[in-house]
Engineer: 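Before we start, here is the structure in question, set down as structure tokens.
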Amino acid sequence: MNARLDSPLPTDPQTILQEVFGYEAFRGQQQPVVEQVIAGGDALVLMPTGGGKSLCYQIPAIARQRAGRGVTLVVSPLIALMHDQVGALHEAGVPAAFLNSTLDWEQAEEIERRLLAGQLTLLYAAPERVATPRFLGLLDTLHAHGALSLFAIDEAHCVSQWGHDFRPEYRQLTVLHERWADVPRIALTATADATTRADIVERLQLQDAAQFVSSFDRPNIRYTIVEKKEPTRQLLQFIEQQHEGEAGIVYCQSRKRVEELAATLCAHGLDALPYHAGLDAAVRQQNQDRFLREDGVVMVATIAFGMGIDKPDVRFVAHLDMPKNIEGYYQETGRAGRDGAPADAWMAYGLQDVVNQRRMIDESPAGEDFKQVMRGKLDALLALAEATGCRRERLLGYFGEDMAGIVDAPDSGAACARHEPSAGTFEHESAAQRYRRGFCGNCDNCLQPPEVWDATDAARKLLSTIFRVQQMSGIGFGAGHLMDIVRGKATDKVAQYGHQQLSTFGIGADLSEAQLRSVLRQLIAVGAVQVDAQAFNTLKLLEAARPILKGEQAVRLRAASAPGPATRSRRTRSAAPPPAVAELDAAGQVRFAALKAWRAEVARAHDLPAYVIFHDATLAAIAARAPQTPADLQGISGIGAAKLEKYGDEVLRLVRDSAA
Ligand code: ADP
Ligand code: ZN
């Protein structure tokens, strides 16, 4: 056992942040978390994706190891990610390893040897391994030598049935606390809701832990929801105008659509790949690896893609079909911009999405109660899509966060009811502190407030047509036919049913089809009209239609946006790459390109994703500074001591050569 008590290395967190990781400042609540854990306290950390959870345990692990306290055990459910996480630590010069089923017996043996020799700062393991007698024995030995420093439990929501990926093995992790009560624990998750949080506290016996609750706002993500017209063309325009050459994810509903769209994007010169559960496992793996490891790949995928993707430089997430609910939308869009640089969440949404989602619920074999809940969740998403006010305010409001001030008192609610007074809860700067009421300045509606029109009249024309047609013909009809009647189009079908005799025939001749379509979509969204999936998608009136028909309730809707190129607000800030790259002059662009090519080679040689070597932002900063000496490289965000030593000379040579 070698506890390195003589180590001269600094243990202060700020110095570790700068020297090891090359970062200037802590983000959000990282600093109080790190201080709590270094001091030996327990912590429960709730931070959104991209909030920087890893440093919350990596810095204490380093500090405590340097202080002679031994190794940190990181429990993580995602075996696929361990390799890259450990690789990133190696790059930063931190001794780390993982023990999981991908290793053969000899490799595992070697890691155990290093562990017992005190050579590791962090050890990653899957929960099922942690609970084995052999592993518990290892921990016993370490503990007996005072070399078991910290337990970090990542993705802590896996312990709860209420979280979205329950792992029964997580329940066994209580053994850590029961057997080695003096070893501090930090549990981390991006799953915020109160039920899950309370369950984590109870299941992992974290009643005495300090809770660090961050705002779930993602200020660098710009939310945009456009009306779906020609989705493929709209998507291409969005990517080409704003994200040329950048990594992104495009979500579609069906496998067939995924395949078609990936092919179309490729035909337009984009580096696009398909991903869905119907693909051969090897192909899926290969596509995922390329997305993670290469630059600027666009993944066209069903929702099967995403779990455990921690690529930080995904610059956009686009939805070509609407998800089922806001939880899904937030989780999927949350994969954009983990690195904190500007990113887009873009969705195209139309009448057909509303119809499809309603039908899927209606046709599902679930019980009526469950369907009711699903409909409520869908309605909340529709309301978001139709909103004329700030999207962010709606999103945060849905998760119980108020942009305007009344953030939950820390000790209210079931989740905190069991708090010991000593533990305490630390709320991060709330969204309320950041924004004025209802204005975030970084969503489509805030940047360019939509025109709103009084659609009461148009809505009544449509509703009364649905009513009269049903009365006259004894059957319902679909949207197209009803709109033809309202607009007074004498089609064959109109003639066949004698619908030109209806008193409402042609009463909406002044309305465009786009306007009517948008009125109908929103009437469905608010529950005034139902699409009957069991009867050829015919439309029926619901109770909520009555006050509108009677003129008791006004309907104010988003104006159907004029057709044409993507939104104007965008073009004013058309910068496709992150700002730092866009600001480079011609010589800087040449350096940036050379650095990227070099990084790709290094990443391939080390079998690691490119971002593990350096983030784009770091390369851009190097390209801008055009450093001549190692001293010029110092202080660039993302260049820690180990990387400076390992790559400094090469980077300097590259910068020199690209000037030639
Ligand atoms: P999470 O696990 O919470 O989704 P990560 O720990 O993966 O987030 O961090 C997201 C990204 O942010 C990573 O690429 C990480 O290097 C970077 N990061 C984290 N903390 C900081 C910081 N204080 N300064 C700069 N970059 C940071
Ligand atoms: Zn907004």
Side-chain angles (χ1 to χ4, degrees), residues 13-14 16-18 20-31 33-34 45-59 74 76 78 81 84-85 88-89 91-92 94 152 154-157 186 188-192 212 214 216-225 292 306-314 331 334-341 343 345 384 387-397 403-404 428 431 434-450 569 609-618 621 636-640 643:
Q14 181 71 36
I16 295 175
L17 178 72
Q18 283 167 359
V20 178
F21 297 96
Y23 296 142
E24 214 33 55
F26 282 110
R27 268 194 200 156
Q29 288 196 298
Q30 283 176 333
Q31 184 162 4
V33 173
V34 159
V45 176
L46 289 92
M47 246 186 213
T49 307
K53 284 184 285 297
S54 319
L55 289 190
C56 289
Y57 60 83
Q58 287 170 352
I59 288 185
V74 185
S76 164
L78 300 165
L81 283 185
D84 292 352
Q85 280 163 343
L89 284 165
E91 289 294 319
V94 181
D154 205 4
E155 313 288 351
H157 60 277
I186 172 172
L188 311 102
T189 176
T191 299
F212 297 85
S214 296
F216 272 66
D217 184 25
R218 302 283 310 277
N220 61 316
I221 298 183
R222 173 173 297 187
Y223 300 96
T224 301
I225 302 178
L292 290 179
M307 172 70 173
I309 298 299
D310 69 349
K311 187 177 170 64
D313 57 354
V314 176
Q331 195 174 28
R335 296 182 180 130
R338 274 172 174 247
D339 54 8
L384 171 75
T388 53
C390 178
R391 309 272 192 205
R392 192 178 309 272
E393 187 184 35
R394 287 224 168 223
L395 276 170
L396 293 176
M403 249 169 68
H428 181 39
R434 204 172 316 157
Y435 305 116
R436 283 186 284 125
R437 178 169 241 331
F439 183 84
C440 75
N442 199 22
C443 76
D444 52 354
N445 288 350
C446 283
L447 288 165
Q448 191 179 34
S569 65
Y611 62 79
V612 167
I613 309 301
F614 284 124
H615 283 187
D616 277 4
T618 305
I636 291 182
S637 178
I639 310 189
K643 289 188 184 177

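Remember, it's 1-based here, ligands and their atoms both numbered in the order they're listed. Quantities reported herein were computed from a predicted structural model and do not represent experimental measurements.
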Engineer: Given F614 and I639, is the side-chain contact (heavy atoms from CB on, under 4.5 Å) satisfied, shown in steps?
Structural biologist: CA-CA 8 Å; F614 284 124; I639 310 189; 3.9 Å; yes
Engineer: Looking at ligand 1, does A190 have a heavy atom less than 4.0 Å from it?
Structural biologist: no
Engineer: Mind checking whether T49 has a heavy atom under 4.0 Å from ligand 1?
Structural biologist: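 T49 counts as a contact of ligand 1 under the 4.0 Å cut-off.
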Engineer: Could you pull out, from Y23, F21, Y611, the option with a heavy atom nearest to atom 22 (C) of ligand 1?
Structural biologist: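 Checking each option, the heavy atom nearest atom 22 (C) of ligand 1 is found in Y23.
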Engineer: With S214 as reference, evaluate M47, R27, Q30 under the side-chain contact (heavy atoms from CB on, under 4.5 Å) test and give the passing residue.
Structural biologist: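 That would be M47.
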Engineer: Please work out, at 4.0 Å between heavy atoms, whether the side chain, the backbone, both, or neither of H615 comes within that distance of ligand 1.
Structural biologist: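 Contact part for H615 vs ligand 1: side chain (C-beta onward).
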Engineer: Say you draw a straight line from CZ of R338 to CZ of R218; how long is it, rounded to the nearest 0.5 Å?
Structural biologist: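 The distance works out to 7.5 Å.
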Engineer: If you measure every N or O of K53 against every N or O of ligand 1, does any of those distances drop under 3.5 Å?
Structural biologist: yes
Engineer: Could you tell me whether some N/O pair between A25 and ligand 1 is separated by less than 3.5 angstrom?
Structural biologist: yes
Engineer: To check your reading of the model: name the closest protein heavy atom to atom 4 (O) of ligand 1, its residue, and the distance in Å.
Structural biologist: G50 N, 2.6 Å
Engineer: Testing D84, L292, D339 for side-chain contact (heavy atoms from CB on, under 4.5 Å) with K311, which one passes?
Structural biologist: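 Testing K311 for a side-chain contact (heavy atoms from CB on, under 4.5 Å) against D84, L292, D339 leaves exactly one candidate, L292.
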Engineer: Would you say D444's side chain and I225's backbone share a donor-acceptor pair under 3.5 angstrom?
Structural biologist: yes
Engineer: Is the contact between E24 and ligand 1 made by the side chain, the backbone, both, or neither, using heavy atoms and a 4.0 Å cut-off?
Structural biologist: neither
Engineer: So which heavy atom in the protein is nearest atom 20 (N) of ligand 1, and how far is it from that ligand atom?
Structural biologist: Q30 NE2, 2.9 Å
Engineer: Closest by any non-hydrogen atom to atom 9 (O) of ligand 1: pick that one out of A341, G334, G52.
Structural biologist: G52
Engineer: Answer yes or no for G638: is there a heavy-atom contact with ligand 1 below 4.0 Å?
Structural biologist: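 No, that is not the case, since the closest heavy atom of the residue is not under 4.0 Å from the ligand.
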Engineer: What I want to find out is whether R392 reaches D217 closely enough, with some N-O distance under 4.0 Å, to be called a salt bridge.
Structural biologist: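 Looking at R392 and D217, the cut-off is met.
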Engineer: May I ask you to test the C440-Y223 pair for a side-chain heavy-atom distance under 4.5 Å?
Structural biologist: no
Engineer: Mark yes or no for whether K643, through its side chain, and I613, through its backbone, hold a donor-acceptor pair below 3.5 Å.
Structural biologist: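 Yes.
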Engineer: Distance from D616 atom CG to Y611 atom OH, nearest 0.5 Å?
Structural biologist: 12.0 Å
Engineer: Please could you name the atoms of ligand 1 that P312 approaches to less than 4.0 Å, counting only its heavy atoms?
Structural biologist: 14 (O)
Engineer: If I take the Zn ion (ligand 2) as the centre, what angle separates the SG atom of C390 from the SG atom of C446? Nearest 10 degrees is fine.
Structural biologist: 100°
Engineer: How open is the angle at the Zn ion (ligand 2) from atom SG of C443 over to atom SG of C440, rounded to 10 degrees?
Structural biologist: 110°
Engineer: Checking D313 side chain against H615 main chain: does a donor-acceptor pair fall under 3.5 Å?
Structural biologist: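 Such a contact is absent between D313 side chain and H615 backbone.
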Engineer: Tell me which part of S637 gets within contact of ligand 1: side chain, backbone, both or neither, using heavy atoms under 4.0 Å.
Structural biologist: neither
Engineer: Check each heavy atom of S54 against ligand 1 and say whether those closer than 4.0 Å belong to the side chain, the backbone, both or neither.
Structural biologist: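 Both backbone and side chain.
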Engineer: Could you check whether any side-chain N or O of Q14 sits under 3.5 Å from a backbone N or O of E24, counting only pairs where one atom can act as donor and the other as acceptor?
Structural biologist: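 Looks like yes, one N/O pair under 3.5 Å.
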Engineer: Out of Q31, R27, M47, R335, whose heavy atom sits nearest atom 12 (O) of ligand 1?
Structural biologist: R27
Engineer: Could you tell me the separation between the CD atom of E155 and the OG1 atom of T189, rounded to the nearest 0.5 Å?
Structural biologist: 6.5 Å
Engineer: Of all the atoms in ligand 1, which lie at a distance below 4.0 Å from a heavy atom belonging to P48?
Structural biologist: 3 (O)
Engineer: Quick check on R338 - does any of its heavy atoms sit under 4.0 Å from an atom of ligand 1?
Structural biologist: yes
